[in-house]
Protein chains: 2
Amino acid sequence: MTFEHPDRDAIDLSAVLHALSDPQRREIVAELAASAEPRPCGSFAPGISKSTRTHHFRVLREAGLIEQWKEGTSKMSRLRRADIDARFPGLLDSVLGSKALAQV
Amino acid sequence: MTFEHPDRDAIDLSAVLHALSDPQRREIVAELAASAEPRPCGSFAPGISKSTRTHHFRVLREAGLIEQWKEGTSKMSRLRRADIDARFPGLLDSVLGSKALAQV
DNA sequence: CACAAAGTACGACGATCGTCGTATCATTTG
DNA sequence: CAAATGATACGACGATCGTCGTACTTTGTG
């Protein structure tokens, strides 16, 4: 918990919706939601540069969507599903559910 | 239907989330959702300028969230709830529902 | 026709966004 | 210690955003 994570009650809807409005970030969130296990940042979005990936992860973390911590040389990420579901019930499910459509 | 309205199947999730990420526009959508009757644009968001209001309504319309048509000198707006609900089930409810929180 | 009302078009402005490359840091491993 | 790995910091760039004011169009009303 050494990074900037907003408390559950401080999670802002505008920030969450903005974070989710980017397809790249939505893809990351979808992958995190699919695998319950935490994963290192580097295992996502292979098409983009490292700095861009860092940027996207920071946006997600500061919006309160993910939690991050260091583990060796890697940085692990986990979806804050309980917090998001508690604060905005149904939001994550509807956004991720529509991913099942041909929604790229 | 003389304006640019995306078809239901063409409604893009990124555009919808981006449109909803602005508090001003979310407020408009919330008011439209509250009163089932169409309302002229001028009856919203009294604090902002006319041009900004026009801009917000266009963003909402081009994202597929609202439908607009002229009626006399006014332009009426109605929420495309059925289309949004069909395309992204639960999304609108979760976004508007959280409005009930102290989410400004 | 003249006037008022409701929106739009068109820039403009500062701010933020998504992306990148390069340099740097922290950690593990040889 | 030295090298490699995984991620960050720091600009930088073009693009988009939210906001505004002013000028303009469209429509209805006297």
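Here is the naming used below: chain letters follow the sequence lines, and residue numbers restart at 1 for every chain. Keep in mind that this is a model prediction, so the values were computed, not measured.
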### Pair B:Ser77-B:Arg61, side-chain donor/acceptor within less than 3.5 Å
no
### Task
Calculate, to the nearest 0.5 Å, the distance between atoms NZ and CZ belonging to B:Lys75 and B:Arg53 respectively.
13.0 Å
### Task
Report the residue from A:Leu65, A:Ile11, A:Leu60 that forms a side chain to side chain contact (heavy atoms under 4.5 Å, CB included) with A:Arg80.
A:Ile11
### Message
Looking at B:Asp9, is its backbone amide N or carbonyl O close enough to the side chain of B:Asp7 to form a donor-acceptor pair, meaning the two atoms are under 3.5 Å apart?
### Response
no
### Query
What is the distance from CD of A:Glu4 to P of D:dA9, rounded to the nearest Å?
11 Å
### Message
Can you tell me which nucleotide in D:dT19, D:dT5, C:dG7 comes closest to the side chain of B:Ser74?
### Response
C:dG7
### Rounded interatomic separation in angstrom, taking NE2 from A:His55 and P from C:dG18
5 Å
### Message
Nearest to the B:Lys70 side chain among D:dT26, D:dT19, D:dG6, which nucleotide is it?
### Response
D:dT26
### Task
Round to a whole Å and report the spacing from CZ of B:Arg53 to P of C:dT8.
10 Å
### Query
Ignoring hydrogens and angles, does a donor from either the side chain of B:Ser51 or the base of D:dG21 sit under 3.5 Å from an acceptor on the other?
yes
#### Entry: Upstream residue (5' side of DNA chain C) when A:Glu71 and A:Ile48 are each assigned their closest nucleotide
A:Ile48
### Task
Answer with base, sugar-phosphate or nothing: what part of the nucleic acid does B:His18 contact at a heavy-atom distance below 4.0 Å?
sugar-phosphate
### Query
Rounded to the Å, how far apart are A:Ile28 CD1 and C:dG18 C1'?
12 Å
### pair B:Arg25-B:His18: side-chain heavy atoms closer than 4.5 Å
yes
### Query
In whole angstroms, how far is the C1' atom of D:dC17 from the CG atom of A:Asp22?
15 Å
### Task
Give a yes/no on whether any side-chain N or O of A:Ser49 is located under 4.0 angstrom from OP1 or OP2 of C:dC20.
yes
### Message
Given D:dT19, D:dG28, C:dT8, identify the nucleotide with an atom nearest to the side chain of B:Lys50.
### Response
C:dT8
### Task
Taking only the side-chain nitrogens and oxygens of A:Thr54, find out if one of them lies under 4.0 Å from OP1 or OP2 of D:dA7.
no
### Query
Between C:dT19 and A:His56, is there an OP1 or OP2 to side-chain N/O distance shorter than 4.0 Å?
yes
### Task
Check whether any side-chain N or O of A:Gln68 sits under 4.0 Å from OP1 or OP2 of D:dA7, and answer yes or no.
no
### Query
Given atom CE of A:Met76 and atom C1' of D:dT8, what is their separation to the nearest angstrom?
18 Å
### Task
For B:Leu17 and C:dC17, give me the distance from atom CG to atom C1', rounded to whole Å.
16 Å
### Query
When we call it a touch if two heavy atoms are under 4.0 Å apart, what does A:Thr52 touch: a base, just sugar-phosphate, or nothing?
base
### Query
If you look at every strand shown and take non-hydrogen atoms under 4.0 Å, does A:Lys75 touch a base, only sugar-phosphate, or nothing?
sugar-phosphate
### Query
How would you label the contact of A:Arg58 with the nucleic acid (heavy atoms, under 4.0 Å): base, sugar-phosphate, or nothing?
sugar-phosphate
### Query
What closest approach, in Å, do A:Leu20 and A:Arg26 show between heavy atoms, and which atom pair accounts for it?
O-NH1, 2.9 Å
### Query
In whole angstroms, how far is the P atom of C:dC17 from the CD atom of A:Gln24?
16 Å
### Query
OP1, OP2 of C:dG18 versus side-chain N and O of A:Arg25: anything below 4.0 Å?
yes
